[in-house]
Amino acid sequence: MTENFNNSTGYQLVQEWMAGKGMDAFGFQKQAWQRFGNGYSGMVIAPTGFGKTYSIFLAVVIDYFNHPEKYGTGLKLIWITPLRSLAKDLGKAMQEAIDEIGLDWEVGVRSGDTDAKQKALQTKQMPDILLVTPESLHLLLAQKNNDRFFKNLKAIAVDEWHELLSTKRGVMVELALAILRHRKPKVRIWGITATIGNLDEAMDVLLPNISKKTKVVAKEQKKIEILSVYPPEVEILPWAGHLGGRLVEEVIPIILNSQSTLIFTNTRSQAEMWYQLLLSAHPDFAGQIALHHSSIDAHLRQWVEENLSNGTLKAVVSTSSLDLGVDFKPVDTVIQIGSSKGVARFMQRAGRSGHSPFETSNIYFVPTHSLELIEASALKEAVKNNIIENREPLVLTFDVLVQFLVTLALGGGFKEEEIFPVIQNTFAFSEMTEDEWKWCIYFITVGGKTGKNYEEFHKVVRDEEGKLVVQKRKIGMLHRMNMGVIVSDAMLKVKFVSGGYIGMMEEYFISRLHKGDKFILAGRVLEFAYLKEMTVYVRTSSGRAIAASWLGGRLPLSSHLGSYLRKKLADSLSPKAREKELKFLHPLLTQQNLISNIPKEEEFLVEYIKTKEGHHLFFYPFEGRLVHEVMAALMAYRISRLYPISFSMAMNDYGFELFSDKEIKLTEDELKQILSKENLMNDVIGSVNAAEMAKRKFRDIAVISGMVVQNMPGRQVNNRSLQASSGIIFSVLEDFDPENLLLRQAYTEVFNQQLEEVRLNAAFDRIAESKILFIQSDRFTPLSFPIKVDSLRQTLTSEDLATRVRKIQERNLKKRAKKK
DNA sequence: GACCTGCTGCGGGTTG
C-alpha cells in the first residue's frame, strides 16, 4: 500500500521504462502516480513540455500493475482533450508506451475524425484507454445502453483544463463528469492544466464536492527570455498601426539564426501579410516557410504541422491556431508580432519553444507601433512576478443544460428526481433552483410557453416507467448532428476551378470582389473566377493582390496587462527607468509629456484636443476595447444629459475618443461628475442598446439549446438565416415569455461578457481614486493619434484615409514650426 | 513621419 509504493511492481516497471527512454521522472509525476494510487482525484499543474501526460496516464498503468485484481476488461481510462489532433497524437504516443511497457492494452481515439468502421468496433468493444473530445463523449452518452462502456472505468483525465474551463465546452465536461461520477462513484478524476491565476477555483469546478482531492504542482519553472525587437531608429516605428511590417528586416536574421521558428500574429490577414512580407524580403524562404490559421484547408494545415514537427520547415506564420498542440520539438524560437493582449497567452506561446524543460524559451516581441514597446516591458514584469490571468468558469448556462438533458433522454432516458441532484452537484449548476430545473424539463418536453403548439419542440416524452426519453428517430438524429456548443459562422468555401480546396472566406469579403480581382489566401495569389452554391471558384495568379480579411473576434487587452502597462507608462520618464524599451521610446514619451502629460499610477488622463475638424475628447483607462466601448457610450450619454450634443466614438485597447464638430463644454467638475461611479449600471443600460446586444447573444443560445437547427441532413443553415430565425424567436419571447430562462441567459451573457460588468466597476473604482488630469492641446499626442487613425478608418475608404492622415501630419508640423 | 485588422474550437448524415 502507501508505504510500499516506491517498491511496488508498477512503480519500478514504469521507472525502468522511463529510464530506458532516457527520461527522468519529475517530482510532480512521481507525486501524481502515488496520489492516484492512493485513490485521490486532483489536478496536475505544470508548463507545456513537462510531460504532464506521463503523470496521469502512467499513474493508471502503475495502479494496474499494483492492483490487477481491481481492473476488469474494457475501458479503464477516459482522456478528454479539447482538440482532435491532440487526441490523435497523444493516442499514438500512449499506444507506443503501452506496447513497450508490455501491456496488451488497446488505446483508441474517438472524435469526428474517427472513421465509421473504427467507431463501430469501439461500440462493440471499447479500448482500454479512450481519447475523446467533450463532444464525442456526449455522443457516447447519447447512445442507448451506454452504461456498458463504463462498467470498469477507473479514471478520467481532463487535458488542457485551463483551455476548457471558461467556455461552454468546459460546462459540457462538467456535466459529463457528473453523470459518470454518479454511475461510478469511485472513479478518479484528474485535471491537467497550465498555470492560471485561479488554480484553486479551477480545481473546484472540475472536482466539486470531492473530499479526497489534491493539487500536484511542478516545482521546476520554465525559464522565459523576452527579447524586444527594435528598428534601427526610433522614427521607423509608427505611432499607430498593427501590422509591424517595417520590422521585417529585423525579423529575418532571427529566423535565419534559429533552427525553426513559430511566428504568432493576431489576425488571419496579418498572418497572410507577414507570410508575403517575409517571402518578398527574403525570397530564399520559398518552400521553407508556411502559413497556418483556421481558414486554411485542414489537410494543408496538417501538412504544415507535420513538417514543423519533423523539422522540414524553417518557420511558420500562424494565429492562435498553433497555441495548442503536441510539442513541436524542433521549434527553438518564437516570435510574437504585436500585442499578445494577455500575460497567459504570451507565456503559453513562449513555452512552445525550447526542447526540454531545462532549456530557456526564447520569445521575440515585435512591436507594431511605438507604445507597444511599453507593453513589452509590462509583459517582462508580469512574467517575472508570475502574474497570470484568471479563467472565469461559466455558471447557469441553461442552453448547455437543456442540450445535455436531451442527450441523456436519448441515451436511455432519465428520472428527474434522480438526475436533479446530479446536475446540482456540478459547479455550473450548483446555484440552480428547483423552479429553474422544472423549467428545463418543461422546455425539453413541451418547448416552453411558446413552443407548445410546435411538435418539433416536444423532444422528450415520458415512457411507461416514468423515464424521460426521446422516442422519435428524427429528433435523435438531429440532436446528434447538432451536438456541441460551438456555433460557427457560415463561410464560403474557396476552390480552384480545376478542383482542390484551399480554405474559407467570408461572404462580405467576396461580395466586394469582381471577376478577375486578385486576393491572397493560404499564401497564394488567387484570381476570383465565379461564385456558385456557397463556393468561390478561383485560379492561380500572381502580382499585386489584396490580403483576405475576416470579421473575426477581437481579443481585448487583459486587465492584468493593462494595469502593468499603466504602471510602466507612469514610470517611463523616471530616471530610474532602465529598461531598453523605455529608453528607446524616450523621445516619444518626452513629446507626450510636453504636449500633454504622462499619467502617474494614481492619475487619470483626459485630453481635450481642438483641431480643424472639430473637438476631440480622449480618455485613457487602458482597460481593453470592450470596456472602452461601453465607457465611451456612457461618457457620451452623461455629457448629453448636461446639454444636447452628439458624438462619434472611437477606441483602441488603451483609450477612447469622443468626437464632435461642436465645442465640448466641460468644466473639470463636470468631468469628474461624468466619470463618477454613481448610478453606473443604470446609466450604462441607458446608454447602450442592451436588447440588441442580447439579441445577438441569443443566436448561439438558440442554436445550442436546439430552438434553431443549424445542421440538417444535406444542408447547413447559413449565417444570415440563423441570425434571422433566432432574432424572430428572441422577439417572440420578449413579448410573450419574458421569464424564459434562455432569454434571461442572453442578458446575463451581455452583462458578463459584453459589458464586462465586473471589470467596468473596477475601472470606475480606480478612476474615483485617481487625480484627474484634464489637458488641453491643439494637436494630437502620441497617445491620441492611434485612436484618431482608427476612427478615420471607420468612415472612410483607405485612399481617403491616406490623405486625411497626411493632412493631420502637415498641420501638426506647421503648428510645431510656428511654436518654434 | 505617423495608416490600411480583428482568434480558436466540435459534430453526423446523405450523397457522389
Side-chain angles (χ1 to χ4, degrees), chain A residues 81-87 110-114 116 119 132-139 142 160 163-164 167-170 172 233-246 264-273 293-295 318-325 338 340-342 345 368-370 474 476-488 506 546-556 588 625 652-653 704 710-716 780 782 785-786 788-794 796-806 808-810 812-813 816:
Chain A
T81 83
L83 260 63
R84 293 186 292 228
S85 61
L86 217 52
R110 194 181 181 100
S111 73
D113 284 349
T114 315
K119 278 186 193 160
V132 73
T133 57
E135 289 80 4
S136 285
L137 181 55
H138 275 224
L139 281 162
E160 311 277 7
E163 208 50 52
L164 292 165
T167 70
K168 288 184 181 176
R169 298 182 82 202
M172 285 180 80
E233 291 161 74
V234 190
E235 284 75 20
I236 289 176
L237 258 189
W239 282 19
H242 81 278
L243 198 59
R246 283 160 186 268
F264 285 107
T265 61
N266 281 336
T267 70
R268 284 165 279 185
S269 71
Q270 191 181 16
E272 295 272 355
M273 287 192 240
H293 60 71
S294 66
S295 292
S318 89
T319 56
S320 54
S321 57
L322 283 182
D323 274 356
L324 283 182
S340 67
K341 311 281 182 189
R345 183 172 304 103
T368 59
H369 60 83
S370 305
K474 194 182 170 200
M477 184 193 76
L478 280 181
H479 186 73
R480 271 189 275 267
M481 276 186 75
N482 288 281
M483 187 84 75
V485 291
I486 298 170
V487 182
S488 353
E506 283 191 44
I546 45 172
S549 67
W550 292 263
L551 295 167
R554 304 165 158 185
L555 284 169
L588 180 86
R625 1 182 11 128
N652 65 12
D653 275 327
I704 294 167
Q710 185 170 229
N711 297 314
M712 301 275 251
R715 82 186 169 98
Q716 196 189 14
F780 292 113
F785 188 76
K788 185 68 235 160
V789 169
D790 214 64
S791 80
L792 291 177
R793 251 175 20 101
Q794 285 169 10
L796 300 163
T797 69
S798 56
E799 237 181 39
D800 288 335
L801 179 63
T803 38
R804 288 290 284 274
V805 168
R806 211 161 31 240
I808 295 173
Q809 296 159 17
E810 281 162 10
N812 263 353
L813 284 175
R816 220 194 293 183

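Just so it is clear: chains get the letters A, B, ... in the order the sequence lines come, proteins before strands, and each one is counted from 1.
Residue Thr167(A) is out of contact with every strand shown, counting any heavy-atom pair closer than 4.0 Å. Among the atoms of the strands shown, only primed sugar atoms or phosphate atoms (P, OP1, OP2) are found under 4.0 Å from some heavy atom of Lys119(A). Nucleic acid contact class of Ser370(A) (heavy atoms, under 4.0 Å, all strands): none. Backbone-only engagement by Leu243(A) is indicated by non-hydrogen atom pairs under 4.0 Å involving sugar-phosphate atoms exclusively. Nucleic acid contact for His293(A): sugar-phosphate only, since backbone atoms but no base atoms lie under 4.0 Å from a heavy atom of the residue.
Looking at the side chain of Thr267(A), the nearest of the listed nucleotides dA2(B), dG11(B), dG6(B) is dG6(B). For Leu139(A), counting side-chain heavy atoms from C-beta on, the closest listed nucleotide (dT14(B), dT8(B), dG11(B)) is dG11(B). Of the candidate nucleotides dT5(B), dC10(B), dG11(B), dC10(B) has the atom nearest to the side chain of Ser488(A). When distances are taken from the side chain of Trp239(A) to each of dA2(B), dG6(B), dG11(B), the shortest belongs to dA2(B). The side chain of Arg480(A) sits closest to dG13(B) out of dG11(B), dC7(B), dG13(B).
Of all non-hydrogen atoms in Asp653(A) and Leu555(A), the two that sit nearest each other are OD2-O, 4.3 Å. The heavy-atom pair separating Phe780(A) from Lys788(A) by the smallest distance is CZ-CD, 3.3 Å. Between Gly112(A) and Ser136(A), the shortest heavy-atom contact is N-OG, 4.0 Å.
Residue Ser321(A) is the one, among Ser321(A) and Arg84(A), whose nearest nucleotide of DNA chain B lies closer to the 5' end (criterion: closest heavy atom). Toward the 5′ end of DNA chain B lies the nearest nucleotide of His369(A), the other residue of the pair Trp550(A) and His369(A) mapping further downstream.
Counting distance only, with no hydrogens placed and no angle test, the side-chain atoms of Ser111(A) and the base atoms of dC10(B) include no donor-acceptor pair under 3.5 Å. Counting atom types as modelled, Ser320(A) pairs a side-chain N or O with a base atom of dC7(B) as donor and acceptor under 3.5 Å.
For Ser294(A), a side-chain nitrogen or oxygen approaches OP1 or OP2 of dT8(B) to under 4.0 Å. For the OP1/OP2 pair of dG9(B) and a distance below 4.0 Å, the side-chain nitrogens and oxygens of Thr133(A) include no atom meeting the criterion. Side-chain nitrogen and oxygen atoms of His242(A) include at least one within less than 4.0 Å of the OP1 or OP2 phosphate oxygen of dC4(B).
Between Asn711(A) atom CG and dT15(B) atom C1' there is a gap of 16 Å when expressed in whole angstrom units. Computed from coordinates, the Glu272(A) CD to dC4(B) P distance equals 17 Å when rounded to whole Å.
A side-chain donor-acceptor contact under 3.5 Å links Thr265(A) to the backbone of Ser318(A).
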